[in-house]
Amino acid sequence: MAKFLVQKSAPLQGEVEISGAKNAVLPIMAASLLTEENCVIMDTPALRDVDVMCRLLESLGAEIHDKLEENTVEIETKAITKSEAPFELVKKMRASILVIGPLLARTGKATIPLPGGCAIGKRPIELHLKGLRALGVEIQEDSGQQGPLEAKVDRLVGNDVYLDFPSVGATEVIIMTAVLAEGTTVIENAAQEPEIVDLANFLNKMGARIKGAGTDTVKIEGVEKLHGVSHHIIPDRIEAGTFMLSAVITRGNILIKNILPDHVKAITAKLRECGAEIFMTDEGMVVRGDVNPIISTDIKTLPYPGFPTDLQSPFMALLAVSRGPSVVIETVFENRFMHVAEFNRMGANIKTEGNCAIIPGEKQLQGAQVVATDLRAGAALILTGLVAEGTTEVSDIYHIDRGYEKFVEKFRGLGATIIRIED
Ligand code: UD1
C-alpha cells in the first residue's frame, strides 16, 4: 500500500491555493440527479470520494463527462435507470446516503446498503430517516440494520421536521427530498455549515425555493421541476485550516489563496490565541507562525460556526508541540481520538478520558511508523511529521486521497520534504 515519508522540514514559506470543498461537491453531485438536464460543476476537486460519487451516479443512470484534470464534472441524468446503490461503492463512502433524496423524488423508491466511511464512531442515520418519514416516505423498521435500507413513497408532501442534533447529512438529505415535494417543509435545528448554503444555492439556481440555509431554520417550498445549471464549488475550509496550521506548526509564513475568511473564523480565532499572526491581503490570507512564541489553547468541537471536528486532530498536532498544557473536547463524534495512539508513538504523551484529551505540550516529537486512521488524522500526522526529528512514515494514506487534492504537491510547493511511495 502507498505511504508518505515526511522529513522534519524548514519553516514553510510561499503560497498555496485551496481546492473546491469535498463536503460541498458530494451533496451537489447527488442533487444533480434531481433534474434530467445537464449540470456543470466547476472547481470540483480531483479526489477519490468524488470519483466514487461519479461511479455511484453512473450506476443509477447518470451520464458523466468527467474532466477532473480541469476540475469540472458534467452530469446529465435523462432517466434514473436503477434505484439501488451498489454496495461496493456505498461501503467506500458514507456520503453515498445522500442519493436517497433524489432517488425518492424522481422514482419513488430507493435501496441503499449501509453507509461506510471514516472509522469515527457509529455514525447512525436515524435523523435522516425521521426527516424522510415526515415527508411521507415508508421505511421498514429494521431497514438498514440487517440488510439494505429500503424506502418508498407515492407522493412526497412537505412537513415540519425538528432535528435532535444539527446533522449535516440529515439536513442535506431532507432539503434534497423536499425540493420536489408538494407544499412546504421547515427544518428546525438544521445544520448551518457553509456546505449546506452551497447546496441550497445550487438548488435555488436549478429553480428550487429554499430560504434560511446557513441558519438553524431552513424553509423549502416544493416546486414541480428543476433544470440544469452551472455552479462553482466553494473553497474547502478544512483544507484551508490544515494549511493554516501547517504555517503555525512549522513557524512559517504562507499566503493562502482561494480562502473565505468567514468560513474559517473559529480556526483563525484559536490560532491567534496561540500567537499566530493572520491577516487578509488582496491575494488571500497570510498566516505567520514566525512572529510570536506559539502557546497552547484549549479547544472544543461543535457544529458550525463552532470549532470543526474535522480540524480537531490537525489542531492537536500543533498543541502537542506548543508551549504549555491543553485540553481538547470532542463533542461531535464519539470515537475521534484514534490518532492519539499514533501521536503518542511519536512521543506526544497525550492522555484521553472519554471525549476529553489532555495534551502536555512542549514535546520534541520523534519520527515513527504511524497509521492514518481516518482522513483528517492522516493530515494531522503529516503535520506532526513536519516537526518531528527524522522521518515519519505514514501508511494507509488512501484515507488522505479521499479528501485532499494534490496534498504532497501543495506541501512540497511550500518547502516541505514529503515523498509518496507507491507499493
Ligand atoms: C459531515 C461531513 C464530515 C464532518 C461532519 C461533522 C460530509 C460528506 N461529511 O458528515 O466531514 O465531520 O459532517 O461536521 O459532509 N448523527 C446521529 N444521527 C444521525 C445523523 C448524525 O446521531 O441520524 C451524529 C453522528 O453520529 C455524529 C454527529 O451526529 O456523531 C455528526 O454527524 P453529521 O453532522 O450527520 O455528519 P456527516 O453528515 O456524516
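Excluded from the calculations below are hydrogen atoms, water molecules and symmetry mates; all remaining heavy atoms, backbone and side chain alike, are included. One-based numbering, in listed order, for ligands and for the atoms of each.
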Here the atoms of ligand 1 under 4.0 Å from any heavy atom belonging to Asp310 are 3 (C), 4 (C), 11 (O), 12 (O)
Honestly, for Glu334 the part within reach of ligand 1 (heavy atoms, under 4.0 Å) is neither
Ligand 1 to Ile125, heavy atom cutoff 4.0 Å, flagged ligand atoms 19 (C), 23 (O)
Heavy-atom proximity to atom 39 (O) of ligand 1 ranks first, among Arg336, Glu172, Glu195, Arg94, for Arg94
At under 4.0 Å between heavy atoms, what of Val332 touches ligand 1? The answer is both
Within 4.0 Å of some non-hydrogen atom of Gly169, the atoms of ligand 1 are 35 (O), 38 (O)
Self-check item: Asn344 side chain vs Asn349 backbone, donor-acceptor pair below 3.5 Å
Solution: yes
Those residues at least two apart in sequence (or on a different chain) that pass salt bridge (Lys or Arg N to Asp or Glu O under 4.0 Å) with Glu277 are none
Query raised in the report: So, do Ile41 and Glu74 sit near enough that their side-chain heavy atoms are less than 4.5 Å apart?
Result: no
Residue set satisfying salt bridge (Lys or Arg N to Asp or Glu O under 4.0 Å) with Arg412, at least two apart, ordered chain then number -> none
Asn355 backbone acceptor or donor facing Glu330 side chain under 3.5 Å:
no
Closest to atom 36 (O) of ligand 1 (heavy atoms only, candidates Phe165, Tyr304, Phe333) is Phe333
Under 4.0 Å from one or more heavy atoms of Leu127, ligand 1 contributes atoms 18 (N), 19 (C), 23 (O)
Review point. Any N/O of Val168 closer than 3.5 Å to an N/O of ligand 1?
Key: yes
Exercise for the section: Indicate yes or no for a side-chain donor-acceptor contact from Glu193 to the backbone of Tyr304 under 3.5 Å, with no hydrogens or angles considered. Expected result: yes
Rounded to the nearest 0.5 angstrom, the CD1-CD distance for Ile196 and Glu172 is 4.5 Å
Note: heavy atom closest to atom 15 (O) of ligand 1, options Asp49, Asn23, Leu311, belongs to Asn23
Atoms of ligand 1 under 4.0 Å from any heavy atom of Thr309, numbered from 1 in the order shown, are 6 (C), 12 (O), 14 (O)
Do any nitrogen or oxygen atoms of Lys22 lie less than 3.5 angstrom from nitrogen or oxygen atoms of ligand 1?
no
Taken to the nearest 0.5 Å, the spacing of Glu37 CD from Thr77 OG1 works out to 11.0 Å
(Q) Tell me whether the rings of Phe315 and Phe307 are parallel (<30°), tilted (30 to 60°) or perpendicular (>60°). (A) perpendicular
Restricting to heavy atoms, the pick from Ala95, Pro124, Pro303, Pro166 nearest atom 19 (C) of ligand 1 would be Pro124
